[in-house]
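The first residue in the sequence is number 1, and the count goes up from there. Remember, it's a predicted structure, so these values are computed and weren't measured experimentally.
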Amino acid sequence: MAAKKVFITGATGFIGGSVLNKLLEKQPQLEITALLRSPSSAFSAKYNSVEVVKGSFNDFGIIEKAAYEADIVIHTGDIDHPGCAKAILSGLNKRTEESFLIHLTGTGCISDECEQTWEGKCNPHVWESQSHTVWDDVKEINEIYDLPETAQHHVIDQWIMDANNEKLKTVIICPPDIYGQSSTIGNRATFLVPDYVEAIIKHKEAFYLGSGENIRGVTHIDDVVDLFLLILAKHLEGRKELDYGRQGFYFAVSDGIPWKNAAEKINELGQHQGWLPKGTKAVSWNESQLAALLPSDPGRVLYLWGSNSRAESSRAKKLGWKPHGPSFWEALPEDCKVAAEKLKG
């Protein structure tokens, strides 16, 4: 049997690069092609078995062709780019053989940012559904499909769900904020902690919104990658236990962190590591103060550090997904240190 061909986007990103590393380790028989806007010698040296297709997310024809030629597409690049998503689906739908698409999304889709009063309160659930304490991808899969178009990522997520058919099988993986470090070529960390470290160094104090009780779902990067590999392995083994299409939505959430607790710990670490003044306290900010961190996009910082985004990964756990990476608190010292050192240049 010929080796399966995989096309991956976002291969130099934090998630995509981490997935690529593990793919090469665990599934070496796969023939992998990666979309790169600017191929580098560092990428070629590290991934000499990976074929590179040069192009951007705007290059419909290049992406469509690469998807058409692949048995499996793993889309971790710009997940909110409609043209890229359409090109992938167009290429896959032109195939006569069976194909498989794994699409990355994020728990911004279930954030309560659109119903917030921005007081830093814990929300037992979001989007006005009170049937469970947190979003559950088995019990509430219909509610997830029917999220409003204003929910982050959701328009394209629906396209992916609806594209599932006899020849094209689709799955969506939905992690929350991710922590930990990676050994990828390109981005080696995500934005939750690094952006926060940058903000508090600039303003010389750690902060939280209002009472700071809002909870962010979090997962270690290794555990997110494990779910990608688990789902791919199940598919390659003959679709064992997998759900696809409207049912194929998998949260990848391992824990929830009240942001005041995170702010106080990061404040402590900043003083210990020497990038915050001694005696600094974590303080409560209001909506205006938090929004002023990024005047061009205040919604982003309010979402990151002021909203609730919680979920239960029931569907992944049914497959056997068991998060085992370091906890948020265990990884936090290194994440903060790396972020602060990067800011020094």
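- Between K65 and E69 there is a salt bridge, since a side-chain N of the basic residue sits under 4.0 Å from a carboxylate O of the acidic one.
- The cationic group of R216 lies under 6.0 Å from the six-membered ring centre of Y303 and within 45° of the ring axis, placing it in a cation-pi geometry.
- By the rule that hydrophobic residues join a cluster once side-chain heavy atoms approach within less than 4.5 Å of another member, L236 and W321 end up as members of one cluster.
- For the atom pair CD1 of I178 and CZ of F14, the computed distance is 6.0 Å after rounding to the nearest 0.5 Å.
- Q27 and Q29 are linked by a side-chain donor-acceptor pair at a separation below 3.5 angstrom, with hydrogens and angles left out of the test.
- Here the straight-line distance linking atom CZ of F251 with atom CD1 of I173 works out to 13.0 Å at 0.5 Å rounding.
- Heavy atoms from other residues, nucleotides or ligands lying under 6.0 Å from CD of E149 number 12 at most.
- For N21 and Y47, the side-chain atoms include at least one donor-acceptor pair closer than 3.5 Å.
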Determine whether D71 and R95 satisfy the following criterion, salt bridge (charged side-chain N to carboxylate O under 4.0 Å, His left out), listing intermediate values before the conclusion. CA-CA 9 Å; D71 302 294; R95 289 173 53 85; 3.0 Å; yes
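- A cation-pi arrangement is present between R300 and F191, with the terminal nitrogen or guanidinium carbon under 6.0 Å from the aromatic centre and inside a 45° cone about the axis.
- Atoms SG and CD, on C336 and E268 in that order, are 10.5 Å from each other to the nearest 0.5 Å.
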Stepwise, does the salt bridge (charged side-chain N to carboxylate O under 4.0 Å, His left out) test hold for D243 with K234? CA-CA 10 Å; D243 295 314; K234 294 287 187 183; over 6 Å; no
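- Salt-bridge check for R315 with E241: failed, with every basic side-chain N at 4.0 Å or more from each acidic carboxylate O.
- The environment of R37 atom CZ is sparse: at most 12 non-hydrogen atoms of other residues, nucleotides or ligands sit within 6.0 angstrom.
- A salt bridge is absent between K54 and D59; no separation between the charged side-chain nitrogens and carboxylate oxygens falls under 4.0 Å.
- The ring of Y196 has its center closer than 6.0 angstrom to the ring center of F207.
- A cation-pi arrangement is found for K169 relative to Y244, the charged atom lying closer than 6.0 Å to the ring centre and inside a 45° cone about the ring normal.
- In this structure, a donor-acceptor pair under 3.5 Å is present between the side chains of S111 and S307.
- Under the 6.0 Å cut-off for aromatic ring centres, H203 and W285 qualify, their centroids lying closer than that.
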For R246 and D162, run salt bridge (charged side-chain N to carboxylate O under 4.0 Å, His left out): C-alpha distance rounded to whole Å, both residues' side-chain angles, the deciding distance at 0.1 Å, then the answer. CA-CA 7 Å; R246 292 194 183 192; D162 290 343; 3.6 Å; yes
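- Salt bridge present: E312 and K317 bring a charged side-chain N and a carboxylate O closer than 4.0 Å.
- A salt bridge links E64 with K94: the closest approach of a Lys/Arg side-chain nitrogen to an acidic carboxylate oxygen falls below 4.0 angstrom.
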